[in-house]
Structure formats: C-alpha cells, structure tokens
Amino acid sequence: MKISIQINEGPYQHQASDTAYQFAKAAIAKGHEIFRVFFYHDGVDNASRFTVPPQDDRHIVNNWADLGIKNADGNEVELVVCVAAALRRGMLDASEAGKNGIDSNNIHPAFRISGLGQLIEAGIQSDRLVVFGD
Amino acid sequence: MKISIQINEGPYQHQASDTAYQFAKAAIAKGHEIFRVFFYHDGVDNASRFTVPPQDDRHIVNNWADLGIKNADGNEVELVVCVAAALRRGMLDASEAGKNGIDSNNIHPAFRISGLGQLIEAGIQSDRLVVFGD
Amino acid sequence: MLHTINKSSFERNSLQSCLNTIDDTSVILLIEDGVICAANNANSSMLAELATQGRVFALQGDIDARGISSKVADNIKLVDYAGFVDLVVEHGTTVSWV
Amino acid sequence: MLHTINKSSFERNSLQSCLNTIDDTSVILLIEDGVICAANNANSSMLAELATQGRVFALQGDIDARGISSKVADNIKLVDYAGFVDLVVEHGTTVSWV
Amino acid sequence: MSTKKFMYLNRKAPYGTVYALESLEVVLIAAAFEQDVSLVFIDDGVYQIVDGQNTDGIGMKNFSKAYHALGDYDINQLYVSAESLTERGLSVDDLMPLVYEDEDDDWAEKPSIKVVSNVEISKIMSEQDVCLSF
Amino acid sequence: MSTKKFMYLNRKAPYGTVYALESLEVVLIAAAFEQDVSLVFIDDGVYQIVDGQNTDGIGMKNFSKAYHALGDYDINQLYVSAESLTERGLSVDDLMPLVYEDEDDDWAEKPSIKVVSNVEISKIMSEQDVCLSF
C-alpha cells in the first residue's frame, strides 16, 4: 500500500517526528511504500543539516535522511519541506537563500523544499495519509 | 525593576515569543530593565538569522534583535540562547559550527549562545523572572 | 503571586491545575488562548468567584484578536501589556501554567 | 476509520472530542502521551465500553517508556509499530486528534 | 487526477498557535486541485471563524478576512459543531457571514457555514478519504 | 551571591514532549548555584518519576535514571501532588525510590520524594522567589 505522512512538529521538542519515523520504518519493513513525508509547521525543522544532538541520543534528521533511500522497491522516500513554513522558521535551501540575500543554507540534502501542493498531491496519490503532530 | 524572561517556544508556531516581546517592550517603556531573555527548548529558534517571514507579517527575530539595544538606561538587553537546546535543534554560532565541522552558522549576531547557568543566574540577579511557553 | 494562564480551559487542564493550588491572595492573568477562559461560556463558573474578588485579569489585545470582546464575563479586569508588567511588578513571583 | 490520540486525557480534550464524534465501527489507537488514557485511572471509564468491544489499541513502546505496563486497563490491545501500520492499512482513513 | 474527499479538522483557537493560519494556507492551495473539500470547526477551532477579530493589540497579522475567499474557490462546506458553539456561549450569529455563489442555482448567494451536531460531523467524517489535522 | 528559593514546576509526561528532560537538565545545572531548590510534580508531571521506565521500544533515550543523581547534588525537596497521583491510579510505591544522605543526621539515607496535598503545594509555591515552568 502507498502511504504518506504529514509531520507538524520539530525534532526533540515533541515525539511526533520520532513516532512518524518508527511508523515509516515499520511500514517499509512490511513491504509498504512510503510515498512522501511532508514536513509542515515546525515540522520543517526536522530537515536541518546543522542539527547536532548529544552523542548518546538519536539523530532525528539523519534517521529521516537515511530512510530516504530505503523503500523496499528501490523507490526513494520523498522528504518534502513546505517552503512557506520553512522560510518563516529560518529553514533555507541554496535557492531560497540566494533569493533572500542570505549567505548560507541549512536544508539537509536528503530533503527538498517545495509547495503545499505536494501535501495535497500526496493525499491524492496515496492510499493513506497519516498526520503526526502535537 | 530588573526583569528576566524565559521563552520555551519557537517563533510563529506559538504566541509565546510574541507575547514575551510585547511584554518586554512594555516593561522597557515603563522604565524597567529587561536584564536577560533566555531562549530555551524550541525558543532557541527565535535566534535564527535565516528567518524570512512573509512581507506582510511581523519579523519576530528582528524584533528581538532591535530590542537588544533599547533598555532605557542604555544597558543592552541580553539575548541568550541555551547551547544544549540549540545544538539539538540546529542552531549554531560560528564557534559551535567549527567544533562540529559544519560549514556555516545561523545565529543572529544580536543573540549569543551560552549555558543553562545563564538562566539560573538571571533568576538570581533579577527581581522577577517570567516564563512564556506553550 | 501572579499566575498566568495561556490556554483555553476547554483544551487543557492548566486553569483547573492553577485553581487547585492557588492561595487566597494570588491573582490570575489570562493571556493568549487563555483569554477564552474570560468569556461567558460553559466553564465560566471556574473563575466567577475569583473574578468577584477582583483577582482575575485578562489581556485586552488577546481578547480582541479572538473576537470575543463583547463576551467577557463580569468582573474580569482587562489590561494591556503595560498592565501585565504592573501585575508582575506588584505581585511578586510569577507562576506560568504553560 | 482509525482515530489516533497522542495526548493524555488529563491534560487535553482530544480523547473526549474523538469520543464525541466517533462512529460505531471506528477504532482508537493511543500513542505517545495518549497511552496515559490506557492506564487504570480516574478517566478509565471514558474508554471502557469501546475497549470491551475490542476497539481500543495502544502502542506498547509508549506504555513501557512511561513505566505503566502493569497498569493497563482491561481489554486494551497492545500493538507495536508494525501493528500501528496494520491498523492504518485495515481501517481506511486515519484521523489524528492532534 | 482522481477526486477524493478531503477533510480539514480545525480544533484550535487562532493566534495562540499558528495551526489555524497554516491550515487555511493549505485549504487555499487545495482549491486548485479540484478535490471535494470539507472544513470542520470543532472545539476551540470554532474561534477561527468568529466575526470581528482585531489583532491590532497583539502585533500579529489578522488573517480572518481570508476565510471570505474560500467561497470564491468553491470551498463552501464549512461544518461547525453546534455543541462546541453552545459550550462556548457562541451562536451562528457570532460567526463571519461566509458565503458562496451556487452555480447550480443561478449563482444565488448561499451561506457556506453549516452548524451541525457532533453526530452529523461523525457521519461526514466517516465519508472522507483523507483527513488533515493541524 | 544571594540565596533564593527556586521552584521547578513539572506538569507534563516524559517522552511525549522534551520538557521533562530539559527541565531536569536545568535542575542539574542549578545545583552548582547553591540556591534553595524545590521540584514540584503535579498533573501528568508525576509520570516523570514513575519507576520502571523502559524506552527500548520507542528509540528515545531513557533519562529517568538521572533523577537518582539529584540527591548527590543536594536536591532533595521533590514534592509530588497526592491528588495527581490518586487520579492517575498511582501511589508512592510506583515512583522511583529517590534518596539523599542527610548531612545533618549523620548522613542517614532519606527519601527525597514527599507526597503532599495540593494545599501544601500551594503553601510551598507561595514561598518561592522564582518559578521555572516547562
């Protein structure tokens, strides 16, 4: 089955991203396809390549990034970050940084920034859409 | 009176930072001193210089940054970001970025990263400490 | 002592928790979504007695933002941010029921 | 239809809201802090009837994390993340009461 | 593209958190996808469409006027919980007069807001293909 | 530096949000400042100190053992709401056996946890100089 995920909260502050990750891993292990993970609201902060958790803690960003190549059928799990939510919260890719005159960017390369249409499209294309939030 | 502030939530997602800012501005206008604003938990995200809100919306990061030079007596309002909370959430200054092998940083220059001791010290040094959260 | 409540009593237990532990002299300030506790509604009885004693305040700006300025319950005192500062200064320690 | 609850019924109204609108065939999965609703406590009656009907599930990992595995109320079915996936697959649309 | 039934579940007051605003942003984008869109306002979500919101005092953007645009985008199924309104001392007269023009009835202006019981919401909910929660 | 009475107000369950963990991090730092420190566990905050927490199944760090360190740092005033425990079907026997060595009583080992009524918590609260909420 084709499943998509919406994540509304950032890493560490709320369990939402952790649960969503465990859910996605379990779904892939059972042979389902995670079509798209859409990071919305503070969820966009899950995509920061600047994240440095304590040594003895999980690395939520890398966990998601590693998942991005792991669907059983070889299809990539798309990790999409909402552009409007991201800009408001200081999450930028090279293109958005350039447009806004900022000298660097912080989106992990496993994620891509795109529009809210990608969330609607995920709802249309997938058999299931599951929301994780606060 | 000497007042300090603790902020537990990031910008835009929760009103905490907005209310704290309005409170701080009002306190300064009444002749009080805002000794320190301590950004903890997701509150560290208030310090991102990458933040690009929509044109017609308030710029929470710049609001705080501008406040940093406005105490009535000329004393700076200290804007302190908790280092442990910041690293977990991908907020880095040049020094922490260097230590962790990351090529850039995203802390606005009006803020500085420091330890949790600064929160306790704010509680000791100030007449009042007010917490804003979710 | 000043207690701040920033959540609706319909959504969370923070107002009830505050009321469970508030002493006889403390005052309550409703801010952010907490101003929903200031409106006339099914939960109004929670604050009615304290309001009668003049011990309940609410942030005018948050009330106006939520379109409920015509719904404010009796005896609730409205303040602006300057009034918030005064409450913090006058009432000693502030407890935030976040 | 699958309803997920991720907050304690002591802290928030999400379980009550879900119960106000749930139909006769839907099931509930308690996750994260929502597993507090699975323990024997003053709020247990909220879910007792649905549990008897075999319609209440809870994530084992979240229960263990909160140290309440010996407190789980009768008839609540424990699942792991694979079981969560199965519930999503079997029950059609998922509604998250975040 | 196939047509699915999308439900947006709105349970939180505006301004205290960003969910109301960012939910509206999704709905407006969703309109372009020509799906069957319903909005449910329940619990404190009913405050999102209360008339007369004025944010001058809190320094935040008043986005409530954007709900009036929904009708122009053919989004006219706004279900409001009667029980939630009553509990909060509100009636339909306290809500914004949101309308749409019915193309099947000579473009007659009709109300978009339908106050319904929780039982009716339950029925509407069980017909949905996708539920987006914020 | 003067001595003040600091109270840490813990109202949230662990793991679902990070507040419990990051609150504990502050308390451990606070110990170095030699202030009068009290911790209050009320509402779902009582779950923070429930015995037998096991996070193997959720991929998160089990930080509950760190509460045992509090006694070594002279932090031994842990007040737990009796009403909150009872409502949740818990008793003091379900809590971790947190202890400290009383230097005024020949280093006798004593329990740090005191189960008290909400009325007593009210009294303790009214004696504080600073209240940190998470």
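Just so you know, these numbers come straight off a predicted model, no measurement behind them.
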Residue among [options] with most heavy-atom pairs under 4.5 Å to chain B:
options                 : value
N8(A), T51(A), V52(A)   : V52(A)
D103(A), I60(A), V61(A) : D103(A)
A84(A), G90(A), P11(A)  : G90(A)

- Message: Treating R49(A) as the side-chain partner and I102(B) as the backbone partner, does any N or O pair qualify as donor plus acceptor under 3.5 Å?
- Response: no
- Message: Are the side chains of E78(B) and Q118(B) in contact, using a 4.5 Å heavy-atom criterion?
- Response: yes
- Item | Validation row: R36(B), Q125(B) side chains within 4.5 angstrom (heavy atoms) | no
- Quick one: which of L92(B), N46(B), N105(B), D42(B) has the most heavy-atom pairs under 4.5 Å with chain A, could you say? D42(B)
Measuring heavy-atom distances to chain B, does [X] have an atom under 4.5 Å in its side chain, in its backbone, in both, or in neither?
X       : value
D45(A)  : side chain
N100(A) : side chain
D134(A) : side chain
S48(A)  : side chain

- So CZ of F39(B) and CD1 of I7(B): to nearest 0.5 Å the spacing works out to 4.5 Å
- Classify the ring geometry between F111(A) and H108(A) as parallel (under 30°), tilted (30 to 60°) or perpendicular (over 60°). perpendicular
- Query: F35(B) and M1(B): side-chain contact (heavy atoms from CB on, under 4.5 Å), yes or no, with the steps?
  - Reply: CA-CA 9 Å; F35(B) 173 66; M1(B) 204 172 249; over 6 Å; no
